[in-house]
Structures are given as structure tokens and as C-alpha cells.
Amino acid sequence: MNDELEYRAVLAVDIERSAGRGDRALLEIRARLTEMLKEAFEASGVDWSACLRHDLGDGLRVTAPAGTRKAALVHPLVPELALRLRTYNRGAGPLTRIRVRIALHAGDVHVSPDGTVAGSPLEVLARLLDAPPARAALAGAPKTVPASLLLSGHFYDETVRHGHLGLFPEDFRKVGFTVKEHTADAWLQLPGRQPPAEAAPEPADAQEEPAGSETAGSKTAGSKMVNKASGHGVVYATQHGTQHIRIERKH
């Protein structure tokens, strides 16, 4: 066995509710997931042919090449995969739709000449993939959300926490979990989930400036802006673009 350790990033995906679909459907969705994952890796600048890939039955584990920038496995890789999954699912039937749980970790592993990878980071990765918070988040998300993403604390601290381009710490929430003998905190995100649209505020009622006011420039009250206008007029504008003009007449 090779005693040399290599620091590698490791990613795993697992297809949600793959059981009971039948062999033909499972073979189809496994092939399509592998194809989309390959495209996402390549779009992120990670050489797919240099990755070590291992079949998980209803998913895949990928060991990235040594020296891979870990942040690229979060962004753009995860959004690229989520986009492809969502596009594919629009035309897929109930038996071939694909939603996945994604887990990411990194650490020192043994890499054998035949491409076999071993080590405790893979055990941590397996626990992340089975973590109840990730399962529950995906199960409770709208069907248009194609994936859940769970990062180990180590992976989050070395990538997302720094807020590099495309990485937003506020998009993740910290969760705790226990799977078998492993208890840890991790960071959860639902890639592709659209935040609820904020309700547009109601226009504020315009209140006229007293006739004798010497106010110049602008004044805000709620969403209202008041400006003096030439010709002894007062212009009121709300944030929605509505203008109210009052002419002050001299007697």
C-alpha cells in the first residue's frame, strides 16, 4: 500500500429516491447524471479525465486532481450542475427526474497506483452525504430545486468563509448532525433556490409642503421626495415615479 498521503478535495453525489424506479430508469439517470457532472467539472476548469471516479450505486464519488482550487468545486461547479439538472428535469418523466444531494470535503488520502483512494476523509464525506439535514432540506424544497449541498466545516472555512468571487456566506446555514459514530457541524445550501420576491411597498400619500416654507432642495418622508420647482411650484415624487405638482398662486 502506498504510504504517501496526498491532500485532495473529494465530492460525492447521491440521487434522491432512486430506489423503486426499475433498472432501465436507474441506468438512464446514472448515465445522465455522470454526463452533467462531467460538463460541470469542465465548465469549472477542473480536468474530468484527471479525476478519480468511484461508483456509489445510486451516485458517484469524485476525487479531484491534486492542486485543484477547492473554491471552484463550490462555484462555479455546483451552480453549473444545478442548472443542467433543472434544465434536464423540465423534459424528464417521473421515473427519470434527478435531484441529488452533494457533499464536499478535503483532506489527506492514500492514492494507489491503480487509482484506488482510501482514508478517513472519505468516511467523513460518506457521513456528509447521508446527513439528515441535507436529506430533509431537499425533501422539503420545491420540486424545481434540483440539489442540496453540504460542506464540511473544513471545506467551508477554506472556501466560502472568505467570500471569494461567486461565494456568499449568507447563502449557507450551519447545521449539526450525527451519522453512525460521526458527529459534526456542516454548512448547508440549496443551490438554485430562488429567494421569495419582496412585496413592493405601498406608495406613501403625498403631503404638501406648507405654503410659506423656505425649504429648498429635497426632503424625504417615507418614500416621498419634495422639491421646489420654478414658477412657484412644488413637485412631489414617490419612489414609484408618480409626480404631484401643486402651483402656488400669489394673490
Side-chain angles (χ1 to χ4, degrees), residues 6-16 33 36-37 40-41 43-46 51-54 56 59-86 98-109 117 119-141 145-195:
E6 297 183 19
Y7 183 81
R8 298 288 191 101
V10 287
L11 174 148
V13 293
D14 186 88
I15 301 170
E16 181 191 49
L33 174 61
M36 288 184 278
L37 196 57
F41 265 80
S44 304
V46 181
C51 293
L52 301 174
R53 304 182 295 275
H54 296 85
L56 299 178
L60 201 66
R61 187 183 76 219
V62 182
T63 302
T68 296
R69 190 172 68 90
K70 292 195 300 299
L73 300 179
V74 184
H75 181 88
L77 193 150
V78 172
E80 289 283 348
L81 178 58
L83 175 63
R84 285 164 171 77
L85 286 168
R86 190 168 183 179
I98 306 172
R99 298 210 305 171
V100 299
R101 298 188 312 282
I102 308 167
L104 276 166
H105 185 45
D108 292 332
V109 296
V117 183
S120 59
L122 302 186
E123 297 176 4
V124 174
L125 184 69
R127 305 301 177 252
L128 289 165
L129 197 60
D130 286 338
R135 288 181 178 273
L138 186 58
V145 174
S148 67
L149 169 65
L150 195 63
L151 307 182
S152 68
H154 170 70
F155 204 100
Y156 176 91
D157 286 343
E158 293 199 344
T159 56
V160 177
R161 183 175 65 85
H162 300 288
H164 296 307
L165 181 66
L167 302 179
F168 301 96
E170 62 271 20
D171 290 348
F172 291 77
R173 64 183 176 92
K174 192 175 185 179
V175 297
F177 71 95
T178 297
V179 175
K180 296 183 178 179
E181 75 290 348
H182 185 79
T183 298
D185 290 329
W187 293 86
L188 177 67
Q189 184 197 44
L190 288 175
R193 180 164 191 168
Q194 299 297 317

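Here the structure is a predicted model, which means the values were calculated and not measured. Scope of the values below: all heavy atoms of this structure, side chains included, with no hydrogens, waters or symmetry mates. Sequential numbering from 1 along the given sequence is applied to the chain's residues.
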Trainee: Report the distance from atom CG of Leu138 to atom CD of Glu16, rounding to the nearest 0.5 Å.
Mentor: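 Here the rounded value is 4.0 Å.
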Trainee: Check whether any side-chain heavy atom of Leu128 sits under 4.5 Å from a side-chain heavy atom of Val124, and report yes or no.
Mentor: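 Contact flag for Leu128/Val124 side chains = yes.
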Trainee: Any heavy-atom pair between the side chains of Leu150 and Val175 that's under 4.5 Å?
Mentor: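 Side chain of Val175 against side chain of Leu150, heavy atoms only: contact under 4.5 Å found.
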Trainee: Any side-chain to backbone donor/acceptor pair from His162 onto Asp157? Under 3.5 Å, distance only.
Mentor: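 Confirmed, His162 side chain pairs with Asp157 backbone.
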Trainee: Evaluate the criterion side chain to side chain contact (heavy atoms under 4.5 Å, CB included) for residue pair Leu60 and Leu33; output intermediate values, then yes/no.
Mentor: CA-CA 9 Å; Leu60 201 66; Leu33 174 61; 5.7 Å; no
Trainee: Quick check: closest heavy atoms across Arg84 and Ala40, and the distance to 0.1 Å?
Mentor: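 Reported closest heavy-atom pair: NE-N, 4.3 Å.
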Trainee: Can you give me the closest heavy-atom contact between Leu56 and Leu129, atom names plus distance?
Mentor: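 Minimum heavy-atom separation between Leu56 and Leu129: CD1-CD2, 4.2 Å.
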Trainee: Would you check if the side chain of Ser44 reaches a backbone N or O of Leu77 as a donor-acceptor pair within less than 3.5 Å?
Mentor: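 Judged by distance alone, yes, a pair lies under 3.5 Å.
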Trainee: For the OG1 atom of Thr159 and the CG atom of Leu104, what is their distance to the nearest 0.5 Å?
Mentor: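 It comes to 8.0 Å.
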Trainee: Taking Glu123 first and then Arg127, would you say they form a salt bridge - that is, a charged N and a carboxylate O separated by under 4.0 Å?
Mentor: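 Judged by the 4.0 Å cut-off on N to carboxylate O distance, Glu123 and Arg127 do not form a salt bridge.
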Trainee: Quick check for you: to the nearest 0.5 Å, what is the distance between Leu85 atom CG and Arg99 atom CZ?
Mentor: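 Leu85 CG to Arg99 CZ: 10.5 Å, rounded to 0.5 Å.
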Trainee: Of the non-hydrogen atoms in Phe155 and Ala9, which two are nearest, and what is the gap between them?
Mentor: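 It is CE1-CB, 4.1 Å.
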Trainee: Can you find a heavy atom in the side chain of Pro191 that is under 4.5 Å from one in the side chain of Leu83?
Mentor: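 Pro191 does not reach Leu83 side chain to side chain.
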Trainee: Please work out whether the ring planes of Trp187 and Tyr156 are parallel, tilted or perpendicular, with thresholds of 30° and 60°.
Mentor: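 Rings of Trp187 and Tyr156: parallel, as their planes differ by under 30°.
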Trainee: Going by heavy atoms in the side chains, are Leu81 and Phe41 under 4.5 Å from each other?
Mentor: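 With C-beta onward as the side chain, the pair stays apart.
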Trainee: Quick one: does Arg173's side chain have a donor or acceptor within less than 3.5 Å of a partner on Leu188's backbone?
Mentor: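 Judged by distance alone, no pair lies under 3.5 Å.
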Trainee: How long is the straight-line distance from CD of Glu170 back to CD of Gln189, given to the nearest 0.5 Å?
Mentor: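 The CD atom of Glu170 is 10.0 Å from CD of Gln189, to the nearest 0.5 Å.
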Trainee: Between Ile15 and Val13, is there a side-chain heavy-atom distance shorter than 4.5 Å?
Mentor: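 Val13 vs Ile15: side chains apart.
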Trainee: Testing the basics here: between His105 and Pro121, what is the closest heavy-atom pair and its distance to 0.1 Å?
Mentor: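 Of all heavy-atom pairs spanning His105 and Pro121, the closest is CD2-O, 3.4 Å.
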Trainee: Do side-chain atoms of Arg101 reach the backbone of Asp14 as a donor and acceptor pair under 3.5 angstrom?
Mentor: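 No, Arg101 side chain to Asp14 backbone: no donor-acceptor pair under 3.5 Å.
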Trainee: Could you tell me which non-hydrogen atom of Pro169 sits nearest to which non-hydrogen atom of Leu167, and how far apart they are?
Mentor: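 That would be CD-O, 3.6 Å.
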Trainee: In a check of side chain to side chain contact (heavy atoms under 4.5 Å, CB included) between Val62 and each of Leu37, Val117, Val46, Leu73, which one passes?
Mentor: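 Running side chain to side chain contact (heavy atoms under 4.5 Å, CB included) over Leu37, Val117, Val46, Leu73 with Val62 returns exactly one hit, Leu37.
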Trainee: Search all heavy atoms of Ala64 against all heavy atoms of Arg8 and return the closest pair with its distance.
Mentor: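 Minimum heavy-atom contact is O-NH1, 3.0 Å.
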Trainee: Nearest 0.5 Å please: distance from the CG atom of Leu11 over to the NZ atom of Lys70.
Mentor: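 Leu11 atom CG to Lys70 atom NZ measures 13.5 Å (nearest 0.5 Å).
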Trainee: Look up atom CG in Leu52 and atom CZ in Arg61, then write down how far apart they are to the nearest 0.5 Å.
Mentor: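 If we round to the nearest 0.5 Å, Leu52:CG and Arg61:CZ are 9.0 Å apart.
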